[in-house]
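Data first, discussion second: the structure below is written as structure tokens.
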Amino acid sequence: MEQYSEKVMDHFTNPRNVGTIENPDGIGRVGNPICGDVMELQIKVKDNVIVDAKFRTFGCGAAIATSSMATELVIGKSIDEATKITNKVVAEALDGLPPIKMHCSNLAEEALEAAIKDYREKQKS
Amino acid sequence: MEQYSEKVMDHFTNPRNVGTIENPDGIGRVGNPICGDVMELQIKVKDNVIVDAKFRTFGCGAAIATSSMATELVIGKSIDEATKITNKVVAEALDGLPPIKMHCSNLAEEALEAAIKDYREKQKS
Amino acid sequence: MKNIYLDHAATCPTDPEVVNAMLPYFTENYGNPSSIYSISRTTRNAIEDAREILAKAIGASSGEIVFTSGGSESDNFAIKGVAHALREKGRHIITSQIEHHAVLYTCKFLEKNGYDVSYLPVDSAGIVKMDELEKAIRRDTILITIMHANNEIGSIQPVREIAEIAKKHKIAFHTDAVQTFGHIPVNVNELNVDLLSISGHKFHGPKGVGALYIRKGTKITPLIHGGDQERRRRASTENVPGIVGLGQAVEIAPGIMSDEMKRQAQLRDTFIGKILNTIPDSRLNGHATQRLPNNINISFKGIEGESILLNLDMFGIAASTGSACSSSSLEPSHVLLAIGLDHELAHGSVRFSLGKHTTLEELDRVAEILPGIIKKLRAMSPLYNQ
Amino acid sequence: MKNIYLDHAATCPTDPEVVNAMLPYFTENYGNPSSIYSISRTTRNAIEDAREILAKAIGASSGEIVFTSGGSESDNFAIKGVAHALREKGRHIITSQIEHHAVLYTCKFLEKNGYDVSYLPVDSAGIVKMDELEKAIRRDTILITIMHANNEIGSIQPVREIAEIAKKHKIAFHTDAVQTFGHIPVNVNELNVDLLSISGHKFHGPKGVGALYIRKGTKITPLIHGGDQERRRRASTENVPGIVGLGQAVEIAPGIMSDEMKRQAQLRDTFIGKILNTIPDSRLNGHATQRLPNNINISFKGIEGESILLNLDMFGIAASTGSACSSSSLEPSHVLLAIGLDHELAHGSVRFSLGKHTTLEELDRVAEILPGIIKKLRAMSPLYNQ
Ligand SMILES: Cc1ncc(COP(=O)(O)O)c(C=O)c1O
Ligand SMILES: Cc1ncc(COP(=O)(O)O)c(C=O)c1O
């Protein structure tokens, strides 16, 4: 297998923002244990800005590292800015991923989308 | 390739009775350059006993060694005794031949047969 | 920090004695074994000696041994070779769902090329279901190929019983003994097999060399055509150093085996006991006793194998996993699915495979470190709620 | 008496530098390259470095290199692999009458399995007849396989011209470069080939390792199915020491090549001149100039090759012959017959192949000894009358 970058290993070893938020404003849960990765992202939003984000991930090194990086990228961003965080952005922030691991970065993008969608729906109601 | 016995190598290196006989009483020439071996055996017969034998052989180490051994075996034998010298006898006298070389010992047997036949025909005429 | 290598089923270090035996055949005794001049005699004799050693070790005669480039070639050669040689007789092959990819993908390849293949199921301990074997046999079955012991979960198959059925129906029987030879007794007559694959690097021999045992009279078409080497069954200038190394590895392997088997089996059982006791929601995969002495395979609920391996690696511990994440597909181990694990548990499996240098101290250290890793990852998992 | 080794086309001693490069990969860096833990990084990098080195040497990119167990496997893989992958497109293959058995017998095997093969004739110098090539091409031709240079008589084939024709007709083109790589320049783009076989031990690398260059986009089915190694084109745990050794051998080979080529060609021509001058009824086989720098092949009328070799061997001189007697068939070299020699002359051929350690003194000694041997054997021959 190809090697993980140092950044990936750093985020894997010391993942940032692990856990859950009390009364989160949005929750995104994506992936499938069948495929070997599941990610849950919770966000806290104030004045349209993501002030906190926490994750829990079942998955490989790349899945955990992208989850961690995604939370870091998203905190402090407005909802609109956050929607621009694609899988590519996450992977680049980690100095890249081995080709066969690129799909793991989708997980983070999808979880973020799902969390924002959940937040928006909760706002409506 | 499997190895030649010491006897084979001895007869190959110092072949006995190489050459031709002046006014031979029998000549046998067998084999075919297409198959890679040709042997010519000449014999001198006195009172029904083979008193001299000489050979010339085109062929591999086994072919040359069996030719040489055949001449040694045949000298001093009566014609009747000589007909009993089969390929097996020659090969055994050489302490055996590698399996893929066993056909070479046929050459000696056939040449001997042919020479005796030639001798007998000459006697008749 | 000393490394703790627990992936001997993947590959073993070559024994220094083996390397020493090989060395003269690189630079000094380099003659092509097929040549007739005297400097080639040494190499010719060397490979025949190695052949003799291996033949004797498995109860074969040396004309029945063909050297190959490893376990995968041996498996491909055996299966494609018999399938091709007997294609006029029939085109049905029986194998199991838990074979190594070298067997499985060779069978899949044949399936796409006019052959029928039956994949026998296994029970929850990873043992082939014998009643299914009898049912699978057809008039046109030409080959049964079932491994001696599984590389992932260590389950030892009832090869003798399979052979009996194969013999009864006059079907050629191949077994992949890559994980067993050098580790537990392997005798082709006791096992009653027609073809048997081995691979050098799985028992401290060199990588890139293996062998196929082919019982006298077994019809087989070569996989590699060309020169007259290996009695025309496998062309190519012989890998003389590799073959010599294989022979040397065989010489050292069976000598230490019976004591070493017991030692490893004890280490294995002690370790398994400790882990299952200290880590909740963990389970042993494979058969409890009908199992390779050096194989440990455990699934941890709620977490994924690669992340466990990476954590172990930080402590210098090398192991392997059946998770998809360590392969290039998205599917977890076909073996773990075949024994009935759900995907999540299959992804969460770790294999520790012991070797002759493995010590109790090493395993104790792993048993100490592992609970913390599992706990940390579970705390991070959305699928595990403590 | 020092041995004089003149059979480098059969095999070469492994270079001590090559062995040194290999050594750490037996006992220290033994990790399976497919594993994810850090100790495997070294081996993974080592094989990728070797791949890079070879790719660069032949003008390829590293994704186009597949490591194999030697020249025979590379040839079998190339030919069977393309034949299978393109079987729906056509089943006609073109090769030459003077290929190595690894190509020839693979083609014969395919002939028995639904393929048509055309065997192109060669001229008296052993060069493929180009007009015959054009004539042989059919709508269903899927592969042309013609060697770069012949292993027996050294004739270098017009590979570029063949490639041009192959390209024009969109036919995949494989060349067996086992005798050329490391000896004369080999560049896949200049040669314009799609597949190219090499073998480590022919240029002072280890035995039992080789490579197949596969141009990007070339359709090919694996010969050895199983694991995901070599980008799924060749399963089996990689022969890491062997691959590292191959890489090291490549590194030393091209460096010395252009000077060494000249030196060997000069030695070759000097020797040929001496022999043809001093021994009557001797003839050079193969092309006078379009010839491998290290190949000398001479026929001696009226005598048989094996008996010449045995005599040379007594002086410690190692050479080879095209006589049937050194093979297990009764036929002499198919190459010598293809260039028009009668059986007698074909049986009476000797090949001397030089290496980088071959000296003028060695060849002078052979040139001194040989006439006596020929004379002695001719005196014994019923087919030669002085
Ligand atoms: C059971 C089994 N069969 C076959 C193989 C293939 O052996 P190799 O990698 O030496 O080709 C392996 C190991 O990889 C194995 O464990
Ligand atoms: C032209 C040619 N092709 C293929 C081969 C086969 O190579 P190997 O013996 O390494 O399999 C050889 C040498 O034996 C050769 O000279």
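Labels below follow one simple rule: chain letters A, B, ... track the order of the sequence lines, proteins then strands, and each chain is numbered from 1.
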Chain C heavy atoms under 4.5 Å from [X]: which part of the residue, side chain, backbone, both or neither?
{"X": "A62(A)", "answer": "backbone"}
{"X": "V18(A)", "answer": "side chain"}
{"X": "T13(A)", "answer": "both"}
{"X": "I34(A)", "answer": "both"}

Salt-bridge present (R16(A), D10(A); N to O < 4.0 Å):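 Yes, this pair counts.
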
Which atoms of N311(C) approach chain A - backbone, side chain, both or neither, heavy atom under 4.5 Å: both

Does atom OH (Y119(C)) have a neighbourhood of more than 12 heavy atoms from anything else shown, all under 6.0 Å?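 Check passes, neighbour count above 12.
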
When H343(C), K376(C), E344(C) are compared by non-hydrogen pairs under 4.5 Å with chain A, the top option: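 Ranked by contacts with chain A, first place is H343(C).
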
Counting the benzene-type ring for Trp, do F12(A) and Y4(A) have ring centres under 6.0 Å apart? no

Could you check whether S323(C) and E304(C), counting side-chain N and O atoms only, form a donor-acceptor pair closer than 3.5 Å? yes

Quick one: do the R351(C) and S320(C) side chains pair a donor with an acceptor below 3.5 Å? yes

